[in-house]
Amino acid sequence: MDRFIFLTVDGLARGAVFAAFALALVLIWRGARIVNFSQGAMAAASTYVAYSVTTATGSYWLGLAAAILSGLLIGAGAERLVMRFVDARQPLNAVIVALGLVLVIQAVLGIVYGSEYRPMKVPFSRTPLSIGDQALLSPYDLFVFGTVVVVMVGLGWAFTRTDLGLTMRAAAFAPDMARLLGVNVGRMLTLSWGLAGAVGGLAALLVVPTELGAHPHATDLVFVYAFTAAVVGGLDSPIGAVVGGLGVGLVLSYVSGYSGSDISAVVILGVLIGVLLLRPSGLFGHTSARLV
Amino acid sequence: MNIETHVTPCDGSRSGAHLTVQDVTVQFGGLTALSDVGFEVRPGQVLGVIGPNGAGKTTLFNVVCGFTRPQTGHLTLDGRPFRPAPQRLVRSGVSRSLQGLGLFPGLSVLENIVAGAGGAARTGWWSGLLALPRTDRDERELHDRAAALIDELGLGAHAHAQPGTLPYAVSKRVALARALVSEPRLLLLDEPAGGLGHDEVLELAELIMSLPSRGAGCSVMLVEHHVDLVMQVCDELVVLDFGRVIATGTPAVVREDPAVAEAYLGAEVDV
Amino acid sequence: MSDSLLAVRGLTAGYGGAPVLQGIDLDVAAGTIVAVVGANGAGKTTLLRALCGTIPVSAGTVTWDGDPLRGTRTEDLVRRGIAHVPEGRGVITELTVEENLRLGHVWRKDKADGRRATDEVYEMFEPLTRRRRSAGHQLSGGERQMLAIGRALVARPRLMMLDEPSLGLAPKVSAQIMALLKRRCDETGLTVLLVEQNVRSAMSIADHGVVLSLGRVVASDSADRIAADDDLRHAYLGF
Amino acid sequence: ACGGGSDSAASAPGVTDTSIVVGTHQPLTGPAAAGYSTISPATKAYFDYVNDNGGVHGRTIKYLVEDDGYNPANTQTVVRELVLKDKVFAIVNGLGTPTHTGVLDFLKTNKVPDLFVASGSRSWNQAEKYPTTFGFQADYTTETKVQATYIKENLADKKVCFLGQDDDFGQDALLGLTQVLGEDGVAERQKYVTSNTNVAPQIGKLKAAGCEVVSLATVPGFTALAIGTAARLKFQPQWISTSVGADYATLSAALGEAAPLLEGFLSTNYLPSAFDDSDPWITLFKKINKDYNGDKPFTGNTVYGMTVGYLFVQALQETGKDLTREGLVETMESGALDGPGLTSPRYSKDDHAGYGGAQMAKVTGDSQAYFGPVYATDDQEGTEVAVFDGEATTPPAKGIPAAK
Amino acid sequence: MSFLSRHTLARHTLLLLVAAMAVLALTYGLSPYRNYQLATMAAYLCATAGLTVLVGLSGQLSLGHGALMAVGAYACALSSAELGDRGTTGPLLLLVPLACAIVATAVVGAVVGLAGARLHGPYLAGLTLTLTIVVPAITTTFADQLGGDQGLSVLVEPAPVGLGATFPLERWQAWIACAAALLTVFLLANLVHSRFGREMRAVRDDEVAARLAGINVGRTKVIVFVVSAATAGLGGGVLAVLTQAVSPGAFSLAFSLFLLMAVVIGGIGHLAGAVWGALLLVALPELTGSLADRIDASPALAERLDGNLSLLVFGLVLVLVTILFPRGIHGLVTTAFGRLRRRTPDSPPGTTAARPSTTTTSTESIDA
Ligand SMILES: Nc1ncnc2c1ncn2[C@@H]1O[C@H](COP(=O)(O)OP(=O)(O)OP(=O)(O)O)[C@@H](O)[C@H]1O
Ligand SMILES: Nc1ncnc2c1ncn2[C@@H]1O[C@H](COP(=O)(O)OP(=O)(O)OP(=O)(O)O)[C@@H](O)[C@H]1O
Ligand SMILES: [Mg+2]
Ligand SMILES: [Mg+2]
């Protein structure tokens, strides 16, 4: 039982960062209708910025601000300078350009920072608080949870309740029509990318310190798990992203804890297939689309 | 899900009806789109289904096509119970055009029409893989059929155009051709006249009226808001309102029905 | 002709290949309804698209309220008072009815009036009231058309461009809409550029009629006279 | 050398009167680049040093380093490029078990000398099957046998556990432990995969089992993760790591502020310690690092890379002016090489493994230093772990092996 | 001419023979290393051809074709080891493992295709993406059979003695691989030009309309997936034979993504595009690598530039090519070719190279 609680808590802590990252994917999917394969690399770049700032100033919080800000700029820049010129009639081209960006960003990071892992600071202790003999969440885990919840609620609110969110969605779903309705589609896309970059940067800054540290490839696997999480949850749904993220975190934790981490990927695939067979658009996706 | 037409004969009554719809009810969440709808289509008949927007006409078509499973009620086709599935429709001799266009944008006009004839092909995918000569023969037959229809509907000039570049009326005709090329015995037309000009509507009317005498004899179900056309071509009308049948009968009878005028035609419209 | 709200001179536009529209001249006076009719493929839809800047214009000028319109980005048209209900409706099917309507007036400063206009739309199109929270893709064809028209109305435009508004609507509803447009013109000075297949009903409310054929204006006259001109009808409108 | 008559020096691929071209495959990019991308520059620096000092038998060494990103498919391509297109004379220090395994057959078919493979796998020691392939590192099993011997003698009553990578690295390492401590000697065994950077479940299990000594067969990143995670879980066993994941400079950088956790960290190694300024080899390598390697941080990897360079130059010198591939392989098997290691490489006719021994090292303060005896053994079940009785070599004059 | 335009099999067989002769001649002109590259390209072509049909024509996005190649490669390795144990030699030792690769991958493809038939866009992408991370997991879980990280070696016979003692192995490998690739392209070309090819494009464009046209959407999708998987499996098997080794690291996520890039940049939905894509997969890394090698830098900088610089160039090329030539190299070539043709006065108007040849049969009958 102790072990179960331990694994649950550990899995949730881990899942929270997948969730944060999945939120960034959801954001861009809702705002631009593409799966941003360069999200991971963009976020890795933001963590390096945070790393540099924190190293230079000694302040975690300045680094955090730098990560968010640089994420915003990188995301918006990617849209304005690159993605905008991609032929929208070829749906896959955006994916390919994003993959090209991954190579470019990782190569630049490798050239600038080298290929060594750079350890990163955390603002709160990672030693778990315990009740009795049972180790529970650490202050840092709570910080991650809090951030993820704030981002999720914020995004959900912004998308469904605010005019800006509405215009962003309209621009994503039907750019031509949105334009006729007075939506500045280009600006909305830039904004979506910028926001997604910021959320991605934030998410990466939450996860990288718990792993090996900043590295051009530090977010590769996180991206894969976060993408899986977003798909499980339904790419359109912030809540889905969080549920999916926590789910993936728990599965990884239970499988490594009870069986051995080698088959965790297989179990993830199993879960994914199971969910998609029952709900082809993810747990929180709309399924009742009228066909005719 | 895909249960094919049952072969068990339905309690003897092999009536004259081609298609019967009995007690069909469809609900979407709290909304009742169809409630206890029943009627029949006789061979060679053109049956018009009219009614206000959102009355359930398209939903009714969806039930007949198997896109929507009704909560209650059942269908028969040629006297046998009919559990429709969209991809088997063509083989049951039923064909449908969509309310929009529903053309394949990446296929040329010719290919669009040939695609509708696929049900008649005799060779499987793996003969295609090996490019056996019989697939060539098969393809030629399908193409010949499509070509004949293209001639008939005057689409020759557009055979190799992409649907996206065509005038709306031409696209509509392509969609009609694709529904016709499978030589259906029951054709469901969902607003075929939408967006058509006066001439085109007249041509369409003539075409629809010629359908019952086409090939093995084709019955038609027509959903249309173009009242002139409906009154001209239909042998019988079913009027839906809020998912309920509020009137049936010949055009002349229905036109005089005050309920229909109130719900659908509107007072001041002279038709 | 300086009194016209929208003045088009020598407009030439198309889709890459040969131009579809060839030197269109058109005037729309404020507070009137101008109906553009013509056979299928005449270029009516293309005309509206060119006016909105969704397809490139190769020659000609468009003046809106005295200022040139070319160079205005599509997304700024609404703010200048031009609303367009495109062919094929353009309901954003992933958004709900409410959201679609909200989108119609998000850009407006006067939120209260936006809400008022929305309520008016619900009043007018009763089926939409029942379906407020339904996603656009759940609507029937006619319901979508209502939504598209309603969404243009909540913007309180000075000029409404409608591409076949009666498409897919029950006769009663389409008559209602025509009546409504007429009423708005008379009461609030709305200007309407109406593209319609149904020549009779279009001409019945229009002040002015324009007949297009093969991308050219072949007749432009008062609606009554267009409707009465048998030669014209036979030659270009087919009846 | 005694190469066949037709194999004159000029006809050996990659060899001219003035130059020798050799190549390698290394992960310079990609996730595995961390920790490895500094090795080949060190080797190259040593070669440059030798070239500037007259080369080997009048020939300069050209070292072609190809990036394979630790991806076996790329390795296939780049090694073929080296052999077929660039016509290298030999492959030197190709890095990685999965990557290099894939090209063994190809190198054998083309009779390319395949020296000093950079991995502690036991696969390189198959003289029968792959006659031109030679290992370099003390294999993982050898290292853990030395660890186990230390545990037996100094931590006898402690509960010993194991955390290892879920591949041959972990398996071979575990094998060494159990050979010495017996199957029951290792109480809890946990594995991790590099694709899952959360090792808390495994560490939790080790803690729950009450482990007191944990032997690690981990790459540096995961050594740091394991130590960091354990500290969070208030679990501080005696860690003993194989050389792969024990470089102090790398670990303390990875742990950042948590570096003090490394105090008392035990490990095994078979090369001179980069911290040991009194070692003449280190003095030599530091000088070369300064002059030929841009004075980059001097780490265990630098020592590793330069040792490889030294051994290769020595092999060339021993083979003589008349250089052939057969001749080089014969030199290797002659057992003439004696590089900077704690023991000498054990190459012989039927032993193609590398260093056959190791010594314990401990982190105290800011450095990692050897203590206790050097042990020699091999990977075989029966072989005892004995105190090495040979003498440590010292660098020759100028630091370049003498010609034969 | 009209005989050929009426008989797909004859036309495609003729093309196949011409291509085979050309390749044969080519292999004699190439150095061993170039022959090896040709062989690798051919192995990739098996996979890219199947992938371009799957993604471009049936509209199913697979990010896991690398994993499917892995299945083929492992099936090939395991079956060749089994045959080796039984003492099989000669052509059987080559053909049976390749057949096993095809069958095993087709089975896996059927399972994935069934699971994915109802999925769209990113959801299918997510499912197939996960496949790539499952490959290493499975190989470590069944390390005893699959060799873990280190993988397996593949038993391959040298070139037949009949070809002479000095016959380069690489040329023999190029023959094997090109034979497989030509066969794949031949069969896929047949399929694409058949009714089934039209049906999968219909499914891609509009599933509802496709169902109404009598097309079984689910079945069509699954069949395309199986066919595409089978070709990927063959590609994987051939790759295993070429390299005599298989290991999970060779079939990483990045590799799967590169396959997708290759088909998009080559020109998605066209078999010719798949050829361009396969060529790029082989040539681009080498080109960017040699470009980057030109740069001389200090040791400290060189260490960082090494490898990274060529990645940078590679990434930039991908981005630029995709933006500048949105229809890929194939699109570029056909446009250029079309322009050239338009300038020649005697070419019939309105014919473009992109039009499927089956339609030409009835063009005349309609226009007449
Ligand atoms: N899948 C669905 N989910 C929810 N509501 C639906 C769905 N399909 C149809 N409806 C609703 O059911 C009612 C009937 O729709 P239907 O499309 O059948 O109308 P219709 O008679 O074809 O109208 P129109 O003439 O406007 O095309 C409408 O109110 C519609 O919004
Ligand atoms: N996207 C397009 N690409 C190329 N050509 C087009 C495109 N859209 C329309 N056309 C062509 O432009 C011409 C005019 O079309 P348009 O849609 O403006 O006609 P319309 O008068 O609106 O007809 P309808 O009454 O059928 O809607 C037609 O010949 C049509 O084929
Ligand atoms: Mg309808
Ligand atoms: Mg139009």
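Fair warning: this is a prediction, and the values are worked out from it, not measured in the lab. Every chain is numbered from 1, with letters handed out A, B, ... down the list of sequences.
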Search all heavy atoms of A:Asp163 against all heavy atoms of C:Lys111 and return the closest pair with its distance. OD2-NZ, 3.4 Å

Residue A:Arg187 excluded, over 12 heavy atoms near CZ under 6.0 Å: no

Value for CG (C:Asn100) from CG (A:Leu181), rounded to nearest 0.5 Å, stands at 8.0 Å

Shorter than 4.5 Å, heavy atoms on both sides: which option in C:His105, C:Arg151, C:His84 has the most such pairs with chain A? C:Arg151

Do the non-hydrogen side-chain atoms of C:Thr74 and A:Asp176 ever get within less than 4.5 Å of each other? no

Any idea which of C:Val85, C:Val91, C:Leu139 has the most non-hydrogen atom pairs under 4.5 angstrom with chain A? C:Leu139

If you check every heavy atom in residues 42-54 of chain C against those of chain A, which residues fall under 4.5 Å? C:Cys52, C:Thr54

Specify the closest pair of heavy atoms between C:Val78 and A:Gly182, including all atoms of both residues, with the distance to one decimal. CG2-N, 3.3 Å

Looking only at heavy atoms, the pair that brings A:Ala174 and C:Ile92 closest together is CB-CG1, 3.9 Å

Determine whether more than 12 heavy atoms belonging to other residues, nucleotides or ligands lie under 6.0 Å from atom CD1 of A:Ile239. no

Could you state the interatomic distance from CG (C:Leu103) to CE (A:Met177), rounded to the nearest 0.5 Å? 8.0 Å

Out of curiosity, A:Asn184 CG to C:Arg79 CZ, how far, rounded to the nearest 0.5 Å? 7.5 Å

